[in-house]
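To start, the structure under review is shown below, and the notes come after it.
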Amino acid sequence: MTAMNLTAVKAIYVFEMKRTFRTLLQSVVAPVMSTSLYFVVFGAAIGSRIDQVEGVSYGAFIVPGLIMLTVLTQSVTNAAFGIYFPKFIGTIYELLSAPASFLEITAGYVLAAATKSFAIGLIILGTAFFFVDLNILHPLWMLTFFVLTCLSFSLLGFIIGIWAGNFEQLQLVPLLVLQPLIFLGGAFYSVSMLPDFWQTVTYFNPVVYLVSGFRWSFYGLADVPIGLSLFAILAFTGICIGVIWLIFKTGWRLRD
Amino acid sequence: MSAIVSVKDVNKTYDGGFEALKSVSLDIDEGEVLALLGPNGAGKTTLISIICGIATASSGRVTVGGHDTVDAYREARKLIGLVPQEINLEPFETVMNTVSFSRGLFGKGRDDAHLERILRDLTLWDKKDTQIKELSGGMKRRVLIAKALSHEPKVLFLDEPTAGVDVELRRDMWETMKDLKSHGVTIILTTHYIEEAEMMADRIGIIAKGEIKLVREKDALMDELGKKQLVIELAEQAMGIPESLSDYGLSLVDGGHEVIYHYDSRKERTGIIRLLNDLQSAGLQMSDVRTEQSSLEDIFVDLTKGEAR
Ligand SMILES: Nc1ncnc2c1ncn2[C@@H]1O[C@H](COP(=O)(O)OP(=O)(O)O)[C@@H](O)[C@H]1O
Ligand SMILES: [Mg+2]
């Protein structure tokens, strides 16, 4: 095998980023604004009437979860759309006939989608400082979880984009699968606040590990051990890459 | 000359069970222009898709430049440029963006001069910053060609490049093809315009119902299979073909001024002498006689007759 076609990765990445900048308003401004509204409503308005959660004000407590919520959804929808669009308009022929491996094509699209959701997450984090008192105990861990989340959920989105046969499916899956996972993933509460049974159920939700790890990097508060969080997200990333490798190997939904 | 593209025993059965290619074998020489001629649904696009990596063969093997298109797909695909049949383009991209994307995707470093040359040759330079959705159909077709040429391929596939294209663009494309050929690029074009195959091709392959019926040098094909016709100009207008000549299958054209006789130039007895005598006996005066080679179109129609239904 010859060396990797990094030029191809770059070409896809640049092409996708240009698309992002062309649609800057809807792709960045909209999610940032809606998350800011959450800050105002949950953090400032409702939060002032809720007790602290494990020593952290409610407004501050929900910030990591809210960022995760946006970053997750953004990663999935961006990556899904990124690969669905060429399929939809037929330009996928060029990707399939290019001297590029699945790894390179995936890397180009996933890195672009992840960059975009990372940027959005960063802006939201910055905005959060205006609304609540934040401190970040473990900035490096925070960054690690942040980046891994962008990457792994962009991978998931990429799979959804290849799978999707029409626009309804493309929009429905993130809504139907992700929203419950996120809302039941401890973004707005500590898992320990739930009854025992629901606590057990919760541990099957991968998002719990993300939110927990991410929140830990802010406040040192975690629902599950930090090592487990890291393991969970790495395992999830590994599974996604495996699935994509299989998809390209078999040509499922891509090649006749 | 050596084969730059070699297709061996390729079969393709689509998921629904439809057999689109049946044991297709084909060697394409470096530097030649090969026209694949066949009616709709013959399997032309399927064959190209398999060579280029867009579809997978059910069995068989394809090499490009000696590289297996499955095991050594990188090396093989680097050599290939593809202009697809459908106009598949990102509507919101500019011409320049999409063309430089193609170059990068195929692993080639940035080369502004090369892209400018291609866009100028295809009269797209003025439109380089225009969004594709604003271009006419013909212009979009040019963009597809520019994309395919952006990474300097050695083998160019053109899948029905002039379908639905105006005369001017068609002529431009032929010029482009000639130019590429003179630079040693191997060209494979599919078409059902006979005129195109006749004008452009060194060799012609005829494909129908998923099978390659024949591949011949164009000239040889013409000679070998060319039926000829004898056109007899009459001195005076005739009102009809006399009863005594009914066996010849003559047709009266040009308002009764010309008689046409079809014959097979390969046969020992063409029947021409006898016909001329019989015409004389029937009292028809000839002012001139000429022969015409039937076009490749007739050959094509003959070969695929009873195939496409
Ligand atoms: N994806 C597909 N699934 C099933 N059948 C297909 C598919 N693509 C093409 N075919 C069938 O295969 C045959 C050959 O198609 P194609 O290669 O496009 O022919 P051509 O390009 O010569 O017009 C046609 O009968 C077509 O209906
Ligand atoms: Mg076709």
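A note on names: the letters A, B, ... follow the listed sequences, proteins ahead of strands, and every chain is numbered from 1. All heavy atoms count here, side chains included; hydrogens, waters and symmetry mates do not.
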Among B:A55, B:A76, B:G107, B:A72, residue most engaged with chain A (heavy-atom pairs, under 4.5 Å): B:G107

Winner by heavy-atom pair count (cut-off under 4.5 Å) against chain A, out of B:P84, B:G109, B:A148: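 Most heavy-atom pairs under 4.5 Å with chain A: B:P84.
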
Let's go through B:E90 and A:F85 carefully: what are the C-alpha distance in whole Å and the side-chain angles of both, what is the deciding distance for side-chain contact (heavy atoms from CB on, under 4.5 Å) to 0.1 Å, and is it a yes or a no? CA-CA 9 Å; B:E90 302 243 14; A:F85 195 55; 3.2 Å; yes

Using 0.5 Å steps for rounding, measure from the CD atom of B:E86 to the CD1 atom of A:I89. 13.0 Å

Should we say atom [atom1] of [X] is surrounded by more than 12 heavy atoms from elsewhere, each under 6.0 Å from it?
| X | atom1 | result |
| --- | --- | --- |
| A:K10 | NZ | no |
| A:F231 | CZ | no |
| A:F129 | CZ | yes |
| A:M33 | CE | no |
| B:K140 | NZ | yes |

Side-chain touch [X]/[Y], heavy atoms, less than 4.5 angstrom:
| X | Y | result |
| --- | --- | --- |
| B:I80 | A:S97 | no |
| B:S49 | A:Y93 | no |
| A:T7 | B:K108 | no |
| B:L105 | A:I12 | yes |

Part of residues 241-256 of chain A lying next to chain B, heavy-atom separation under 4.5 Å: A:R255, A:D256

In residues 176-184 of chain A, which residues are in contact with chain B at a heavy-atom separation under 4.5 Å? none

Without swapping roles, check the side chain of B:R77 against the backbone of A:L96 for a donor-acceptor pair under 3.5 Å. yes

Heavy-atom pairs under 4.5 Å with chain B, option from A:P86, A:A98, A:A11, A:G90 with the top count: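 That would be A:A98.
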
Could you give me the CA-CA distance, side-chain angles and deciding distance for B:S102 and A:F15, then say whether side-chain contact (heavy atoms from CB on, under 4.5 Å) is met? CA-CA 10 Å; B:S102 298; A:F15 195 74; over 6 Å; no

Measure across A:T91 and B:N88 and return the closest heavy-atom pair with its distance rounded to 0.1 Å. CG2-O, 3.5 Å

For A:R22 and B:E93, what are the C-alpha separation, side-chain angles and deciding distance, and is it a salt bridge (Lys or Arg N to Asp or Glu O under 4.0 Å)? CA-CA 10 Å; A:R22 213 173 37 227; B:E93 291 301 331; 3.0 Å; yes

Taking side chain as everything from C-beta outward and backbone as N, CA, C, O, which of these in [X] sits under 4.5 Å from a heavy atom of chain A? Side chain, backbone, both or neither.
| X | answer |
| --- | --- |
| B:L89 | backbone |
| B:N97 | both |
| B:F106 | both |
| B:I48 | neither |

Region of A:L95 in contact with chain B, defined by heavy-atom distances below 4.5 Å: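 Backbone plus side chain of A:L95, per the 4.5 Å heavy-atom cut-off to chain B.
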
